[in-house]
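Quick caveat: nothing in here was measured; it's all calculated off a predicted structure.
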Amino acid sequence: MHPGTRRRSGFCWLTITLLVVGLLVGDAGSVWNKRREDKTKCPKVKGIRNFDISEFLGSWYIVQYYASSEEALVYRCMRAELSVSPENAEVTMNFTYSFTDDPINELLVGNITWKIPSPDLPAHWMHAELSYEGVYNTYVLDSDYKSWALLMHCAEKSESPRYLSSFIMSRETSLGANVISYLREKLPRYDIDLEYVFPMDQKQCNKTDNPEDILIPALTSVKRSHIIRRHPLKRKHRRQ
């Protein structure tokens, strides 16, 4: 082989080797960065554009539910009533729910209030109550106002993992499978695992004093080893 040919061949192999090493280092760096992702901060979220909050108010059923602190669905019959105070740009959600393992289906009631920090972004709300030390954002991700909506909540607290939750909501007690699929597909981009977005039972939701009058559904089986039982939206509520 001619000496010049050998030199060109060696140069080509050196170039290929450097490219391969560069790709491997790049892949390792992306994996490292992914591992180091800050789980204490909320993801970047944009609420629905041209949001009409007046059309969004009123009664909603929560038909699917996710919370990063929940390892199985422990709630049923969750419903929400949304109202707004025009004087101070505050949104209030009053809601009711029961625990799935409550034999008498006792209803709990709670509420949470948000401020609308910018009139130009009415689909973004921030927690307004001083009792919560941290940042608590809520976003309306999508809605047709008349039948379905998708909410996402994210709370940050110093030296604590972020808290993510999401509601798929309906004006009726159920939604079509195609609408639910459409809304669920929006969640993984915000680090929400669809395996733990659970259907919410909306049947037999009236309070009863006779345990034999109500059928409690079994908890959905999950891969995790134990269950953490918390209130939705991390709030203390009172019994109705």
Side-chain angles (χ1 to χ4, degrees), residues 29-51 53 56 60 62-75 78 80 82 84 88-95 97 110-143 148-169 180 182-198 200 222 224 228-237:
S30 64
V31 171
W32 175 251
N33 289 334
K34 191 172 183 181
R35 287 178 180 173
R36 296 187 63 187
E37 181 184 352
D38 190 352
K39 297 292 185 179
T40 65
K41 300 297 182 182
C42 291
K44 294 181 179 179
V45 184
K46 289 185 178 180
I48 185 174
R49 294 181 179 180
N50 304 316
F51 179 61
I53 195 169
F56 188 74
W60 292 95
I62 315 303
V63 295
Q64 293 214 356
Y65 171 84
Y66 169 85
S68 56
S69 64
E70 303 296 341
E71 299 176 345
L73 184 65
V74 295
Y75 312 109
M78 192 180 294
L82 283 150
V84 66
N88 48 17
E90 287 187 349
V91 180
T92 297
M93 175 189 287
N94 294 297
F95 56 96
Y97 67 97
N111 64 77
I112 187 167
T113 301
W114 297 273
K115 288 186 179 295
I116 302 175
S118 170
D120 297 329
L121 300 170
H124 171 217
W125 313 335
M126 292 188 70
H127 195 279
E129 297 172 16
L130 298 177
S131 59
Y132 186 84
E133 299 176 359
V135 177
Y136 196 157
N137 292 292
T138 291
Y139 300 89
V140 183
L141 298 181
D142 205 350
S143 180
W148 52 263
L150 179 63
L151 258 65
M152 177 181 168
H153 316 280
C154 186
E156 295 177 12
K157 207 169 184 178
S158 59
E159 300 181 357
S160 299
R162 67 191 179 193
Y163 171 79
L164 293 172
S165 64
S166 182
F167 294 166
I168 294 179
M169 308 195 307
I180 289 178
Y182 166 75
L183 296 175
R184 285 172 63 96
E185 288 174 358
K186 295 178 178 288
L187 297 176
R189 71 188 70 172
Y190 304 116
D191 203 26
I192 290 178
D193 188 344
L194 293 181
E195 183 178 0
Y196 301 101
V197 181
F198 299 110
M200 177 77 64
V222 294
R224 301 183 191 180
I228 300 173
R229 177 167 164 159
R230 299 188 184 187
H231 293 289
L233 302 179
K234 302 182 76 174
R235 298 275 292 140
K236 294 181 179 179
H237 303 134

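- Closest approach of Y163 and A67 over heavy atoms only: OH-CB, 3.7 Å.
- Looking at Y136 and I112, their side chains come closer than 4.5 Å, going by heavy atoms from C-beta outward.
- S166 meets the side-chain hydrogen bond (donor to acceptor under 3.5 Å, both in side chains) test with no other residue; sequence neighbours excluded.
- L187 contributes atom CG, which lies 8.0 Å from atom CE of M152 (distance to the nearest 0.5 angstrom).
- Between W114 and M93, some side-chain heavy-atom pair lies under the 4.5 Å cut-off.
- Side chains of L141 and Y190 form a contact here, defined as non-hydrogen atoms less than 4.5 Å apart.
- Within the model, atoms CD1 of I168 and CZ of R184 stand 6.0 Å from one another, a figure rounded to the nearest 0.5 Å.
- Residues L150 and L183 come closest through the heavy atom pair CD2-O, 3.6 Å.
- Residues that satisfy the side-chain contact (heavy atoms from CB on, under 4.5 Å) test with Y182, not counting sequence neighbours, are D142, W148, K186.
- Put simply, the residue from W125, F167, Y139 that forms a ring-ring contact (aromatic ring centres under 6.0 Å, His included) with H153 is F167.
- Remark: A89 engages I116 in a side-chain contact (heavy atoms from CB on, under 4.5 Å) (not counting sequence neighbours).
- Taking the six-membered ring where the residue is Trp, Y196 and F198 present perpendicular rings, their angle passing 60° and hence far from 30°.
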Requested in this report: Given side chain to side chain contact (heavy atoms under 4.5 Å, CB included), test V45 with N137 step by step and report yes or no.
Outcome: CA-CA 10 Å; V45 184; N137 292 292; over 6 Å; no
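- L82 is not listed as a side-chain neighbour of I53, based on a closest heavy-atom distance of 4.5 Å or more.
- Residues H124 and P117 are in side-chain contact: their nearest non-hydrogen atoms beyond the backbone lie under 4.5 Å apart.
- R162 has its side chain within reach of P43: a pair of non-hydrogen atoms, C-beta onward, lies under 4.5 Å apart.
- E156 contributes a side-chain N or O that, together with a main-chain N or O of C42, makes up a donor-acceptor pair within less than 3.5 Å.
- Here the OH-CG distance, from Y66 to D193, works out to 6.5 Å after rounding to the nearest 0.5 Å.
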